[in-house]
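One is the number of the first residue; the rest follow in order along the sequence. Owing to the predicted nature of the structure, the values given are computational and were not obtained by experimental measurement. Every number for a ligand or one of its atoms is a count from 1 in the order of the listing.
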Amino acid sequence: MKTAICYFTGTGNSLFVAERLAENLKDATLFNIAELRGDSSPLKEYGVIGLVFPVYFYGLPNIVRRFAASFSFDGIKYVFAVATYGAMAGDALSSLKDEIAKTGMTLSYAAKVTMPDNYTISFPVPSEKMIELKNASARLKCEKIARDIQGFKRKIPVFSPFAITRHFSGADREKDRKFIMTAACNGCGDCVKLCPVGNISMKNERPQFHHNCELCLSCFHRCPKKAINYGTKTIRKGRYVNPEVRLKTDDEI
Ligand SMILES: Cc1cc2nc3c(=O)[nH]c(=O)nc-3n(C[C@H](O)[C@H](O)[C@H](O)COP(=O)(O)O)c2cc1C
């Protein structure tokens, strides 16, 4: 059966997982949720739909929540979800299950894969060794998840005590008000291309944030000059992009 793997990513971890799943599944096609722009009609011909996404604040990125609420087709036989996370996936998968249930569909299978933590606002960038180890173990886990999916296994997330976080997780799109630019910003405008949701434009050679932010941190981690910071506490921190994927915008910047 044809499988559509729909992913959202800021720094490549979820794309890494989506690609590994596609490698191990027969007839799977990748779709970037941000590029679908809310139009789920290209997925109509697929019998199996998968969602691969990062955990944000123990919950779902807003864009993934909206996407999950947008599709409900007669032809879908099996829906699966794989969350990538740094340390604690919290309520993300059971929250997704409930979101999908509202459309009249059922989440049949859910799994989580630990990846390098890209929440550099609070944590340091993982070491090269740690990144290598996490990617290697994710590779193995994806093989197992793909076998489960191929066999239409049912594995449903149970209710999580983290459900309380639903009331605030990922909800604040104005979190971009804290982004600042250091003097290193040369006005190149690459951040405009790096933002998956079109939240950045340039004015007088300086990025403007339009308060529709997912906080995916793509602009922060991938600015060629490391000029974008989240307040001042990230200024001396490193940056992270999964080294084993090629993000589409890599060709453009
Ligand atoms: C805004 C934000 C919130 C995050 N919250 C969590 C969290 O609650 N629990 C966790 O384990 N990881 C958290 N992370 C880490 C990411 O889920 C993890 O690194 C993920 O694999 C990143 O995926 P990506 O590279 O596809 O964007 C957070 C990252 C960001 C940017």
Side-chain angles (χ1 to χ4, degrees), residues 5-21 30-35 50-65 67 81-96 111-127 130-131 133-135 137-139 141-142 160-179 194-197 199 209 212-222 228-231 233-234 237-250:
I5 303 178
C6 308
Y7 69 91
F8 176 68
T9 191
T11 58
N13 289 344
S14 306
L15 176 58
F16 174 86
V17 167
E19 286 181 346
R20 301 296 74 76
L21 292 175
L30 296 185
F31 291 89
N32 183 334
I33 292 175
E35 285 175 5
L51 279 75
V52 182
F53 57 88
V55 171
Y56 288 172
F57 307 117
Y58 308 126
L60 299 172
N62 281 313
I63 190 170
V64 173
R65 185 181 299 282
F67 179 71
V82 181
T84 73
Y85 69 107
M88 258 198 278
D91 175 54
L93 288 166
S94 72
S95 172
L96 183 70
K112 55 189 181 176
V113 179
T114 178
M115 294 298 289
D117 200 314
N118 70 349
Y119 195 62
T120 309
I121 295 171
S122 297
F123 305 111
V125 167
S127 67
M130 175 61 78
I131 293 169
L133 285 171
K134 283 210 165 186
N135 274 351
S137 92
R139 222 173 251 284
K141 184 135 193 207
C142 287
S160 158
F162 278 92
I164 185 137
T165 61
R166 284 183 204 184
H167 300 294
F168 58 85
S169 66
D172 186 357
R173 289 183 209 150
E174 302 217 359
K175 285 187 166 128
D176 59 1
R177 288 191 191 277
K178 281 201 185 161
F179 282 116
L194 291 171
C195 177
V197 294
N199 186 47
F209 293 83
N212 190 24
C213 181
E214 293 288 339
L215 208 65
C216 71
L217 301 186
S218 171
C219 60
F220 162 78
H221 282 293
R222 300 179 64 210
I228 300 182
N229 279 277
Y230 200 71
K233 61 182 179 177
T234 57
K237 290 193 170 183
R239 302 293 191 267
Y240 170 76
V241 177
N242 191 299
E244 293 192 48
V245 291
R246 190 150 183 78
L247 290 156
K248 202 172 172 190
T249 36
D250 285 345

(request) Kindly write out the residues that satisfy side chain to side chain donor-acceptor pair (under 3.5 Å) with Asn242, not counting sequence neighbours, or none if the list is empty. (result) Asn13, Asn135, Tyr240
(message) Distance under 4.0 Å, heavy atoms only, partner ligand 1: which residues pass?
(response) Thr9, Gly10, Thr11, Gly12, Asn13, Ser14, Pro54, Val55, Tyr56, Phe57, Tyr58, Thr84, Tyr85, Gly86, Ala87, Met88, Met115, Pro116, Asp117, Asn118, Tyr119, Leu215, Leu217
(request) For Glu19, enumerate each residue passing the salt bridge (charged side-chain N to carboxylate O under 4.0 Å, His left out) test, keeping only those at least two apart in sequence or located in another chain. (result) none
(message) What I want to check is whether the side chains of Thr84 and Ser14 have a donor and an acceptor closer together than 3.5 Å.
(response) yes
(message) Within this structure, what is the CZ-NZ distance for the pair Phe123 and Lys237, rounded to the nearest 0.5 Å?
(response) 8.5 Å
(message) Applying ring-ring contact (aromatic ring centres under 6.0 Å, His included), can you list everything that pairs with Phe16, at least two apart in sequence or on another chain?
(response) none
(message) I'd like to know if the side chain of Thr120 and the backbone of Val125 have a donor-acceptor N/O pair within less than 3.5 Å.
(response) no
